[in-house]
Amino acid sequence: MSRSDVVVTGLGATTPLGGDVASTWDAMLNGRSGVSALTQEWAEQLPVRIAAQLAVDPASLLDRVKLRRLDRSEAIALIAAHQAWADAGLADSGLDPERLAVSVGSGIGGAVTLLTQDDILEASGPRRVSPHTVPMLMPNGPAAWVGLELGAQAGVHSVASACATGAEAIALGLDMIRAGRADVVVAGGTEAVIHPLPIAGFASMRAMSTRNDEPERASRPWDKGRDGFVLGEGAGIVVLERAEHAAARGARVYARLAGAGITSDGFDIVQPHPEGAGAIRAIAKAIADAGVAKADITHVNAHATSTPVGDMAEIIALRTALGDHPLLTATKSMSGHLLGAAGALESIATILAIRDSVVPPTINLDDPDDGLDLEVAANKARHLDIPAALNNSFGFGGHNVALVFTRV
Amino acid sequence: MTRDEITAGLAEILEEVAGVSPDDVAEAKSFTDDLDVDSLSMVEVVVAAEEKFGVKIPDNEVQNLKTVGDAVSYIEAQS
């Protein structure tokens with residue numbers, strides 16, 4: 001297999017912290033929380049009444065008729081993809097559509113459409129169910145819409161690996177370019193399931209924070225007072241490009257996607273391996289694939305979702321696979337947990353950390369867990385020289401994905 | 001209900017469902033060729049028209065409704 005270098009030439013996002021990458025990154029560097037109380041009537045009955053909701057409503061950006069055909073996860077994937085596409089300067093670049101692919105996944109897909117249309121079915125009968133229901137709820141819908149609007153003809157893919165989806169979609173893009181299947185891959189993740197049923201399901205697992213009275217303090221990775229993750233919604237998209245292709249058109253390059261490691265635990269459907277065995281192998285594979293020295297990886301954007309078990313298992317994995325030198329952060333402390341979009345948003349944060357030589361803070365880290373023996377950018381952004389950085393993502397099902405980005 | 005009233009009612013539905021400007025809706029216009037109503041949106045138009053005009057429009061009838069005028073005639077005959 002040819003081993004083309006792959007670089008990142010465009011970024012796009014709409015998140016609880018901002019309607020685009022610049023505003024999201026600014027909020028992260030300033031340690032702002034995107035978590036707020038759910039004031040909707042349906043939230044009153046729930047044990048969890050907080051979430052990280054989008055800063056900018058997609059309805060303010062897309063026309064009404066188009067929105068009738070799009071699940072919210074599809075709408076925001078399109079918004080982020082168009083941002084990334086414009087950012088990459090590919091609009092009138094003459095890119096051959098047969099060399100353009102899409103890899104955009106979602107952890108849960110069009111669940112809100114499914115539930116909304118089921119309400120219509122129950123109340124008004126089958127004839128009232130929207131003819132757009134299936135393309136709105138199908139899990140490949142976001143990827144398909146992005147491919148349709150950008151005219152991608154080299155393949156449209158939608159991986160699903162729960163909370164590792166966004167990172168795995170990016171890893172797939174890397175593989176596609178290396179294998180020569182595409183010159184450009186629009187890759188990332190999207191999620192929009194702030195609805196009582198998914199919240200009730202996660203809450204029944206006791207996976208979510210119930211710190212309802214202090215929304216902005218609820219997501220607190222590695223803090224002794226952490227009590228679960230905070231659900232977020234949003235989309236993150238990166239434009240991956242064969243390095244020679246980017247150089248030939250004089251594209252601005254953010255960073256190199258140097259390597260990826262993917263493993264599965266084979267241990268439990270939802271519990272992470274207590275010693276992070278699968279995570280250790282994923283990190284080691286990513287480092288080997290990237291061909292970088294561990295010492296050069298000075299920063300890690302951790303998966304760290306603010307759950308009691310997962311946060312510490314990742315620390316063990318990082319210490320074992322990488323060492324005790326990197327400066328960590330958990331941007332979920334601010335964005336909440338975007339599930340299938342998390343790995344994509346956090347890849348964007350990792351890429352910008354490399355570009356700006358700065359590590360965004362982990363907010364709410366007031367009383368660190370006794371097992372936290374690695375350094376974290378607690379509560380304030382820290383300047384740091386970052387030749388290379390690691391982004392971890394893990395998902396229900398035992399999915400482990402590690403990505404290594406390097407400075408160009 | 002007059003043909004003009006039915007046309008106006010269809011125009012409201014077409015604007016809501018497919019974003020068609022009411023000014024563009026006339027009996028001679030083809031749903032697909034002139035008004036860009038695709039097959040899925042046409043399903044929505046039919047269901048909304050059944051509700052609005054209190055008629056039944058069976059699926060095998062829909063393929064015969066090429067123009068706004070065809071739909072007006074069908075609804076006029078049923079109501």
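This one's a predicted model, so the numbers in the text were calculated from it and none came from an experiment. Note on naming: letters A, B, ... go to the chains in the order of the sequence lines (proteins, then strands), and numbering restarts at 1 for each one. FYI, side chains are in, hydrogens and waters are out, and symmetry mates aren't considered; it's all heavy atoms of this structure.
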Handout entry: Residue-level interface, residues 33-46 of chain B with chain A, non-hydrogen cut-off under 4.5 Å
Key = B:Asp38, B:Leu40, B:Ser41, B:Val43, B:Glu44, B:Val46
Exercise for the section: Keeping to residues at least two apart or across chains, list the side-chain hydrogen bond (donor to acceptor under 3.5 Å, both in side chains) pairs with something in residues 185-200 of chain A. Expected result: A:Ser106-A:Glu191
Handout entry: Contacts of residues 51-72 of chain A with chain B (heavy atom under 4.5 Å)
Key = A:Arg64, A:Val65, A:Arg68, A:Arg69
Problem - Heavy-atom contacts under 4.5 Å, residues 9-17 of chain B to chain A - result: B:Glu15, B:Glu16, B:Val17
Handout entry: A:Glu98, CD: over 12 other non-hydrogen atoms inside 6.0 angstrom
Key = no
Fill in the blank from the handout: CZ (A:Arg127) and CD (B:Glu51) are apart, to the nearest 0.5 Å, by 11.5 Å
